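Input: a single structure, listed below in structure tokens.
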2 protein chains.
Amino acid sequence: MTIKDIARLAGVSVATVSRVLNNKDKGVGDGTRARILRIIEETGYQPSPMARNLVLRKSRIIGLVVEDLQNPYYGMLMKGVQDGAREKGYNIILCNAGNSDERENHNLDFLTEQNVCGIIYNSFNKEKDFVLERIVKNKIPMVFVDGRGNMKGGNGIHVDNARAMEELVDRLVMAGHRTIGCLTGERHINSSEQRLAGYAQALEKNGIPLDPRLVVETKYLIAAGRLGMERLLERNIRGLTAVVCCNDLIAIGALECLQDKGIQVPEEISVTGFDDIDMCRHVRPRLTTVSQPNYDIGRVSVEMLIRLVEQEDRGRVDEVVFLPKVVVRESARGL
Amino acid sequence: MTIKDIARLAGVSVATVSRVLNNKDKGVGDGTRARILRIIEETGYQPSPMARNLVLRKSRIIGLVVEDLQNPYYGMLMKGVQDGAREKGYNIILCNAGNSDERENHNLDFLTEQNVCGIIYNSFNKEKDFVLERIVKNKIPMVFVDGRGNMKGGNGIHVDNARAMEELVDRLVMAGHRTIGCLTGERHINSSEQRLAGYAQALEKNGIPLDPRLVVETKYLIAAGRLGMERLLERNIRGLTAVVCCNDLIAIGALECLQDKGIQVPEEISVTGFDDIDMCRHVRPRLTTVSQPNYDIGRVSVEMLIRLVEQEDRGRVDEVVFLPKVVVRESARGL
DNA sequence: CTGAAAGCGCTTACAG
DNA sequence: CTGAAAGCGCTTACAG
């Protein structure tokens with residue numbers, strides 16, 4: 001069943017069918033239009049996206065690159081992106097950024113080969129500027145999710161990581177904590193860097209000097225968080241009563257480490273996370289953390305991208321900033 | 001950069017370029033081939049998948065339908081499917097089956113409209129036979145993952161849920177448990193039904209009559225597991241020392257319920273899950289469960305599907321059965 | 001071994 | 001308002 005069949009059935013030319021299909025060019029007689037519509041309905045005809053895309057010289061496929069499919073944080077984001085995309089008739093190709101440049105290059109090859117019409121990039125990692133360059137060179141519209149603040153040339157959704165972390169630490173200080181550790185992700189991960197910056201700002205604001213021994217760099221993984229906490233503990237810092245973690249996975253690892261050592265949370269040490277993944281509600285003590293509207297972030301980013309793709313006004317730079325909010329549960333004392 | 005440009009640059013016809021691109025029809029002079037290859041290399045030319053698919057009348061897009069994107073169980077599965085697909089140059093369109101028929105129909109519309117070359121279906125739900133019918137009618141090759149045993153006409157990967165659950169319950173009985181509850185998922189979910197069957201078989205095998213009050217139907221969700229456990233407890237069944245759950249989410253809910261009521265796990269009641277999601281290792285006590293090779297399941301299913309798609313021998317029915325294995329952790333006494 | 005030509009299913013100026 | 005025709009970038013008989 002092709003457009004030709006419909007044309008034949010309706011006794012018109014394919015051009016006319018195409019016109020009603022595209023609903024533009026109002027110039028189609030009401031009678032003709034109705035007849036064609038009825039036939040399309042009856043036959044269940046669906047135009048071939050391949051042919052259409054070929055002539056339009058663009059696909060309706062969006063590339064979505066995330067740092068780690070396994071990170072539960074991405075569930076909602078993906079769902080938001082998908083729902084938004086589907087509503088407008090777009091598809092998603094999902095890519096795992098992983099940690100290697102090779103994989104990253106492979107992803108980009110794949111995406112351009114598939115002729116994606118745009119890319120949503122959520123793996124911002126300062127070491128990966130070559131990615132940015134490649135995409136920009138290819139002139140593929142893109143939106144960065146949670147990239148760094150000054151993504152010149154790219155539109156973006158940002159989460160004000162620094163401010164949220166600052167608020168969290170501020171509240172900790174209000175609650176009487178003075179010696180607060182910080183377990184970060186890898187240095188090249190933007191979100192981690194920003195959260196660390198927020199931590200530093202809060203201390204400064206409260207006139208507490210930042211002791212570098214308080215911060216230890218780990219990775220966004222439970223096992224790494226565990227190790228990080230161990231290392232922090234080994235430093236034997238006097239008066240340590242709280243540690244903020246740059247994501248939930250790290251915090252959960254920290255929790256486990258503390259528990260293994262018989263250190264009470266939050267009585268002896270308070271622990272906080274960031275992201276509010278599902279697990280936060282199910283570990284004990286329940287994790288106090290910072291939540292971001294991930295579903296919305298996903299949705300807004302596709303919408304932004306589609307607007308970009310369809311309007312072709314690629315010059316404009318949009319920016320939407322979300323402010324995450326602190327979710328108080330049980331793992332931090334005094335909040 | 002199109003095939004025409006390459007042809008011009010190489011001083012040959014597009015037909016020849018196409019031949020070397022497709023690497024078939026050995027009939028291309030060695031010199032010519034080398035020259036063309038070099039030019040392709042130099043220019044970084046990539047053939048348009050749209051054009052190619054149009055003439056070949058098939059896409060290289062695979063539809064992957066899963067029951068619930070949010071269920072952490074799917075992470076690895078998806079990864080396996082993706083890796084397998086990408087290796088062969090296929091794309092994935094991911095769909096959430098959700099619970100409504102409407103959504104399901106919408107998914108199918110979307111997938112056929114996108115002209116997927118095949119479907120991997122992992123949402124088997126007996127109430128959804130209409131889905132099966134639609135797909136079969138459209139003659140789209142598909143493989144069922146963990147569907148029911150007798151998926152006539154469809155190839156499939158099966159997990160021997162019944163046998164694994166039987167083994168688990170068997171071991172529980174060996175360990176001295178005689179009164180074992182069972183928290184199932186919804187009745188129309190195949191995996192749940194099969195796991196329940198395994199439970200029943202183990203009891204029978206051990207000569208323990210099945211008390212229907214011991215089984216309560218819940219859903220594959222933490223909150224539902226909690227409620228289910230509550231209901232089971234309300235029945236005040238004497239001598240209840242263990243409860244097996246048809247998935248990990250339910251088990252985690254059960255754990256929480258028990259904990260709320262101050263009932264010790266596993267000292268007073270043993271609890272087991274199924275699936276071995278990440279969280280199992282991070283709840284306390286760590287959850288004893290049954291693990292499936294999800295990554296492999298994903299990989300094998302794409303490979304199966306691609307073979308099906310490419311060989312066009314759609315008559316043949318393949319079947320691969322995986323046997324999940326029990327993972328002993330802390331939540332069950334005596335294993 | 002290689003090329004000219006038709007065709008995949010659509011869209012869109014260009015005429016009328 | 002409607003149609004004939006060219007063209008999107010490829011593949012594949014059919015000739016030679």
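Quick caveat: nothing in here was measured; it's all calculated off a predicted structure. Just so it is clear: chains get the letters A, B, ... in the order the sequence lines come, proteins before strands, and each one is counted from 1.
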Given that A:Met50 and B:Asp30 both sit by DNA chain C, which one's nearest nucleotide is further toward the 5' end?
B:Asp30
So, A:Arg35 side chain and A:Ala10 main chain: donor-acceptor pair closer than 3.5 Å or not?
yes
A:Asp5 with A:Arg8: basic N within carboxylate O range, under 4.0 Å
yes
Mind listing the closest non-hydrogen atom pair of A:Pro293 and A:Phe322 along with its distance?
CG-CD2, 3.5 Å
Looking only at side-chain atoms of A:Ser48, point me to the closest of C:dG3, C:dC10, D:dC10.
C:dC10
What are the residues of residues 35-47 of chain A, sorted by number, that bring a heavy atom to within less than 4.0 Å of DNA chain C?
A:Tyr45, A:Pro47
Rounded to whole Å, the CZ-C1' distance (A:Arg52 to D:dG9) equals 18 Å
Choosing from C:dG9, D:dG3, C:dT2, which nucleotide comes nearest the side chain of A:Arg19?
D:dG3
A:Tyr90 and A:Ser59 side chains, donor-acceptor separation under 3.5 Å
no
For C:dG16, which nucleotide in any strand shown is its Watson-Crick or wobble partner with both distances under 3.5 Å?
D:dC1
Between protein and nucleotides 5-8 of chain C, what N or O pairs are separated by less than 3.5 Å?
| residue | atom | partner | partner atom | Å |
| --- | --- | --- | --- | --- |
| C:dC8 | O3' | B:Arg57 | NH2 | 2.7 |

Are the charged groups of B:Glu42 and B:Arg38 less than 4.0 angstrom apart, N to O?
yes
Distance test, side-chain N/O of B:Thr16 to OP1/OP2 of C:dG3, below 4.0 Å
yes
To the nearest Å, how far apart are A:Asn53 CG and C:dC10 P?
12 Å
State, to 0.1 Å, how close B:Ile62 and B:Cys117 come at their nearest heavy-atom pair, and which atoms those are.
CG1-SG, 4.1 Å
Hey, are B:Tyr220 and B:Ser191 close enough side-chain-wise for a donor-acceptor pair under 3.5 Å?
yes
Atom-to-atom span, CG of A:Asp5 to P of C:dG9 - whole angstrom:
9 Å
My understanding is that only one of A:Val81, A:Asp83, A:Val143 makes a side chain to side chain contact (heavy atoms under 4.5 Å, CB included) with A:Val302; could you say which?
A:Val81
At less than 4.0 Å, is any side-chain N or O atom of B:Thr32 found next to OP1 or OP2 of C:dT2? Yes or no.
yes
Please report the shortest heavy-atom distance between A:Met142 and A:Leu308, naming the atom on each side.
O-CD2, 3.9 Å
Taking atom C1' of C:dT11 as reference, at what distance in whole Å does atom CD1 of A:Ile3 sit?
8 Å
